Amino acid sequence: MAGLLENKVVIVAGLGGIGNGLARRFADEGALLILGDLDADLVSGVVADIDRPGRIRGVPLDGADEDSVAAIVKLAVDTFGRLDGMHVNFANTADAYLPGGVVELPLEVFDDVMRVNARGFVICAKHTIPAMIDSGGGSIVFTASADAYNAASTRVSYQMSKAAELALMRHIARRYGPKGIRANAIAPGLIWHYKFDEQPMPDGVVDQARARQMIKSRFGAPDDVAALAALLLSDDGSFITAQTISVDGGLTFRP
Ligand SMILES: NC(=O)c1ccc[n+]([C@@H]2O[C@H](COP(=O)([O-])OP(=O)(O)OC[C@H]3O[C@@H](n4cnc5c(N)ncnc54)[C@H](O)[C@@H]3O)[C@@H](O)[C@H]2O)c1
């Protein structure tokens, strides 16, 4: 049976804990993939691991740099002749582990988080939308966060940047929907992956998530996010746009 993304040309911007899972799932669903991340070794490792010669390419990417984003979009079009989707998944989490609030926040940390998460997502949208319109339409998916509408006492830069991503997503959906572009965001709760085994999370985050989740048996896994992302990038998701969809075991809910 054909996969959800059979021969769709998709860029994944940002690998790592969740991103590696996105790449694997999209490949399994039949996508033709271009993968990018700041970490060049990570990119080549994932490409080798998925091992689909002729169907997947990787390139070092700085998603906050316009030339770098333009280059990955060009690579997709030059390699596969079109662009059908992009999942923008990277994040700068520079204030995630800082104990302070806005009063203590070093402004250079705020600027850097916004530069990557808010401005970087703008750059990705700016360069992928025209290529997708030229291809007859397409789908953009952002990995945002439950933190976009949380009220936490720390990581205010990260929270603000994730809220900015949602505003951008809605703008794209409204403005470019008539040209065949869909845009949606996934708001994960705690998605457990290999990095958390290496670097523990700040005090209280894990316990808080466990306490607030409605599903108690486990935390999220990268494939929980990837399963939804594949749907949103696929033709089965063709009537879904301008949505923020939570994948968080009931950590948050909105009427
Ligand atoms: N894991 C969770 O519990 C969780 C929860 C909510 C939201 N998220 C979101 O999910 C996404 C993935 O997070 P993760 O947990 O897998 O973290 P991660 O650190 O494993 O992945 C982030 C990746 O982004 C890359 N990156 C950073 N800056 C970049 C740039 N300028 N250009 C290109 N790549 C860059 C990093 O190299 C890294 O590989 C992020 O957007 C994060 O905010 C994660």
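None of the values given here were measured: they were computed from a predicted structure.
- Salt-bridge check for Arg218 with Asp224: passed, with a basic side-chain N closer than 4.0 Å to an acidic carboxylate O.
- Taking a cutoff of 4.0 Å between a charged side-chain nitrogen and a carboxylate oxygen, Asp223 and Arg24 do not qualify as a salt bridge.
- Within 6.0 Å of OH in Tyr194 there are more than 12 heavy atoms belonging to other residues, nucleotides or ligands.
- Using a 4.0 Å cut-off between a side-chain N of Lys or Arg and a carboxylate O of Asp or Glu, Asp197 and Lys195 do not qualify as a salt bridge.
- Scored by the salt bridge (charged side-chain N to carboxylate O under 4.0 Å, His left out) test, Asp78 finds Lys74 as partners (sequence neighbours excluded).
- For Asp235, the salt bridge (charged side-chain N to carboxylate O under 4.0 Å, His left out) test picks out Lys8, with sequence neighbours left out.
- His193 approaches Gly17 most closely through the heavy-atom pair CG-CA, 3.3 Å.
- Across Leu75 and Ile34, no two heavy atoms sit closer than the pair CD2-CG2, 3.9 Å.
- Side-chain contact annotation: Arg55 with Asn7, donor-acceptor N/O pair under 3.5 Å present.
- The two residues Asp62 and Val69 have their closest heavy-atom pair at O-CG2, 3.9 Å.
- Asn184 and Gln243 are not linked by any side-chain donor-acceptor pair at a separation below 3.5 angstrom, with hydrogens and angles left out of the test.
- A salt bridge between Arg119 and Asp111 is absent, with no side-chain N of the basic residue lying under 4.0 Å from a carboxylate O of the acidic one.
- Here Leu231 contributes atom CG and Leu4 contributes atom CG; the two are 6.5 Å apart, rounded to the nearest 0.5 Å.
- Here Glu165 pairs with Lys162 in a salt bridge; the nearest charged N to carboxylate O distance falls below 4.0 Å.
- Judged by distance alone, with hydrogens and angles left aside, the side-chain atoms of Asp95 form a donor-acceptor pair with the main-chain N or O of Ser157 at under 3.5 Å.
- Using the six-membered ring where Trp is involved, Phe219 and Trp192 have ring planes that are parallel, under 30° apart on the 30 and 60° scheme.
- Scanning both residues, Ile123 and Ala64, for their nearest heavy atoms gives CD1-O, 3.4 Å.
- With sequence neighbours left out, the salt bridge (charged side-chain N to carboxylate O under 4.0 Å, His left out) criterion links Asp248 to no other residue.
- Using a cut-off of 4.0 Å between Lys/Arg side-chain N and Asp/Glu carboxylate O, Arg115 and Asp112 are scored as salt-bridged.
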